[in-house]
Protein chains: 2
Amino acid sequence: MNPSRPRIPEATVARLAVYLRVLTGLADGGRAGVSSGELAGAAGVNPAGLRKDLSHLGPCGVRGVGYDVLGLRDRIARVLGVERSRACVLVGLGNLGSALADYAGFGSRGFEFVGLFDSSPERIGQLVGGHPVRPVTDLDQVVAETRATIGVIATPAEVAQSVCDRLTAAGVRSILNFAPVTLAAPAGVDVRQVDLSVELQVLAFLDTNRDTDSDTDRDTHGDAPVPALGGMS
Amino acid sequence: MNPSRPRIPEATVARLAVYLRVLTGLADGGRAGVSSGELAGAAGVNPAGLRKDLSHLGPCGVRGVGYDVLGLRDRIARVLGVERSRACVLVGLGNLGSALADYAGFGSRGFEFVGLFDSSPERIGQLVGGHPVRPVTDLDQVVAETRATIGVIATPAEVAQSVCDRLTAAGVRSILNFAPVTLAAPAGVDVRQVDLSVELQVLAFLDTNRDTDSDTDRDTHGDAPVPALGGMS
DNA sequence: GCGACTTTGTTCCTGCGTTCACAAGCGGTT
DNA sequence: AACCGCTTGTGAACGCAGGAACAAAGTCGC
């Protein structure tokens with residue numbers, strides 16, 4: 001509807017990224033067109049929700065036919081701002097950081113690591129994913145030169161906040177944090193948190209209480225304040 | 001409020017895991033009590049929302065005083081089902097899988113990898129994080145023996161669905177998937193997706209449209225990337 | 001012992017996200 | 001050229017999450 005920038009909801013943005021991935025796969029497979037039903041099935045969402053998501057980009061399908069795979073893919077890529085490669089810096093090259101730097105999927109999805117940083121002297125100079133590891137003291141300079149706006153933190157939790165401060169001071173506007181701490185960043189800087197332990201703990205909860213569906217909760221009626229809970233031995 | 005099991009919202013469950021992490025840190029630091037305001041600050045949420053989250057567990061604080069750090073920590077751990085170590089299996093020991101297996105944070109947070117699996121013959125027998133890598137053909141047996149209910153997929157995207165099928169067939173009820181594909185799992189199996197590219201693309205979007213807060217729309221003077229977006233053809 | 005302050009737990013309300021259902025539009029067919 | 005089926009795009013209702021304000025309760029000070 002609104003052609004300019006009607007402020008797309010964040011939940012929709014996250015799904016747009018999924019649609020982009022599915023569309024890229026379809027394009028590589030040679031598919032020319034796709035319907036909302038098929039695309040929604042491949043993305044694991046409701047067809048109506050998918051259409052509503054896409055409606056935020058303006059009309060991009062043909063009624064009675066469906067969506068053009070290449071056109072929709074490029075449209076979403078433009079809206080997400082990944083139509084051209086974006087420069088990212090990565091701090092912390094332990095196991096996780098090395099895995100991220102070596103992950104080829106980023107390069108094909110519009111992201112390029114232009115700087116890898118670590119504080120451990122023995123890692124400096126090593127090549128990870130084709131790029132040399134540099135000391136964190138070079139961070140300001142590299143960010144300024146490459147105009148990187150995205151920073152990824154894969155350090156231990158103890159130093160994550162100081163790294164965040166340094167990144168924001170250097171001009172980074174968006175941060176993806178893998179360290180298990182809640183970062184405090186100045187206003188205007190977006191921080192996204194990926195906590196692997198949190199994900200596992202949510203799974204553990206769903207696993208423990210997986211039977212809330214059928215049997216209508218033949219519960220302990222007395223108001224015992226969290227009595228047993230032990231149950232499953 | 002409801003003492004039995006009032007179906008805690010998933011968003012609350014995810015935040016409970018964060019509170020648990022913060023509380024563990026406070027407990028290690030020797031703190032005995034904490035207020036909702038301080039805890040909310042450390043977790044990056046609103047104090048009122050934190051109290052509402054905790055209210056799902058029943059009353060667990062003392063008015064006028066605050067919360068007992070150890071008591072609240074144990075209470076949340078019990079609700080999440082991580083009061084005792086849970087058995088997990090991990091499939092795919094590339095860079096990311098090795099990083100996960102080697103991440104000490106899991107063990108201290110209630111998760112233990114009891115089986116590491118890979119299909120590449122040269123990886124089988126290697127020790128990663130203290131455990132030997134086994135062939136995926138042993139997966140059924142190990143899941144049955146250890147009664148593991150949580151599976152982590154860190155394989156390439158092409159084989160993730162088949163690994164998912166194998167895990168569910170073996171009896172795994174919860175799956176954490178790092179492969180960039182949408183998995184189809186039978187009903188009753190919970191799948192959580194962590195897609196690193198999606199996270200970065202959301203950041204890219206927020207970065208591109210970072211000035212949507214103040215409605216006054218001071219359009220980016222000069223260096224406007226993605227200026228009009230109008231030309232869709 | 002009593003009052004006042006502090007902090008929790010709850011309730012209301014506003015806004016957002018999701019889903020359902022229908023109208024609008026395009027291609028193919030007769 | 002008109003009809004019909006198929007698919008998109010949109011409007012409305014429902015449910016849920018988030019935030020602010022208020023009442024209950026317990027402790028500290030006098």
Side-chain angles (χ1 to χ4, degrees), chain A residues 1-3 6-19 23 26 31-69 71-73 75-76 79 202 205 212 223 225-226, chain B residues 1-3 6-19 23 26 31-69 71-72 75-76 79 202 205-206 212-213 215 232:
Chain A
M1 50 166 74
N2 192 339
R7 199 185 317 169
I8 303 176
E10 286 184 22
T12 292
V13 174
R15 283 189 296 266
L16 284 178
V18 177
Y19 307 154
L23 286 167
L26 289 175
R31 287 286 301 271
V34 68
S35 70
S36 67
E38 184 180 357
L39 191 54
V45 299
N46 189 296
L50 181 138
R51 292 200 297 272
K52 175 155 290 212
D53 287 338
L54 294 183
S55 74
H56 288 105
L57 320 182
C60 37
V62 179
R63 302 184 186 217
V65 177
Y67 299 94
D68 178 62
V69 171
L72 186 56
R73 175 183 61 123
R75 173 84 72 102
I76 294 178
V79 170
V202 172
F205 172 82
T212 36
D223 41 34
V226 188
Chain B
M1 168 184 223
N2 190 337
R7 202 186 322 162
I8 304 177
E10 286 184 23
T12 293
V13 174
R15 284 190 295 266
L16 284 178
V18 177
Y19 306 153
L23 286 166
L26 288 174
R31 287 285 302 272
V34 68
S35 69
S36 67
E38 184 180 358
L39 191 54
V45 299
N46 190 294
L50 181 139
R51 292 199 295 273
K52 176 170 291 195
D53 286 338
L54 295 182
S55 74
H56 289 105
L57 321 180
C60 39
V62 179
R63 303 184 186 218
V65 177
Y67 300 94
D68 178 62
V69 171
L72 186 56
R75 173 84 72 104
I76 294 177
V79 171
V202 172
F205 173 81
L206 295 174
T212 37
D213 49 356
D215 56 321
M232 56 180 151

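A note on names: the letters A, B, ... follow the listed sequences, proteins ahead of strands, and every chain is numbered from 1.
With values rounded to the nearest 0.5 angstrom, A:Arg51 atom CZ is found 6.5 Å from A:Tyr67 atom OH. With rounding to the nearest 0.5 Å, the separation of NZ in B:Lys52 from OG in B:Ser36 is 14.0 Å. The NE2 atom of B:His56 sits 11.0 Å away from the CZ atom of B:Arg7 when rounded to the nearest 0.5 Å. Taken from CZ in B:Arg31 to CG in B:Leu26, the straight-line distance is 6.0 Å, to the nearest 0.5 Å.
When the P atom of C:dT10 is taken as reference, atom CG of B:Leu57 falls 11 Å away, rounded to whole Å. Between the C1' atom of C:dT18 and the CG atom of A:Leu54 lies a distance of 15 Å, rounded to the nearest Å. One interatomic measurement links the two molecules: CG of A:Leu50 to C1' of D:dT10, which rounds to 15 Å at whole-angstrom precision. Between the CG atom of A:Asp68 and the C1' atom of D:dT7 there is a distance of 15 Å, rounded to whole Å.
The two residues B:Cys60 and B:Leu54 come nearest to each other via the heavy atoms SG-O, 3.9 Å. Shortest non-hydrogen contact noted between A:Val34 and A:Leu39 is CG2-N, 4.0 Å.
Within the 3.5 Å criterion, the main-chain N or O of B:Leu57 finds a donor-acceptor partner in the side chain of B:Arg75.
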Problem - Contact pattern, 5' to 3', of nucleotides 15-22 of chain D - B, S or - by protein heavy atom under 4.0 Å - result: --SBBB--
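Side-chain atoms of B:Arg63 stay outside donor-acceptor range of the base of C:dT7, with no qualifying N/O pair under 3.5 Å.
Checked against D:dG9, C:dT8, D:dT7, the side chain of B:Tyr67 finds its nearest nucleotide in C:dT8.
At a non-hydrogen distance threshold of 4.0 Å, nothing from residues 36-44 of chain B comes into contact with DNA chain D.
The pair B:Glu10-B:Arg15 fails the salt-bridge criterion, with no side-chain N (NZ, NE, NH1 or NH2) lying under 4.0 Å from an Asp/Glu carboxylate O.
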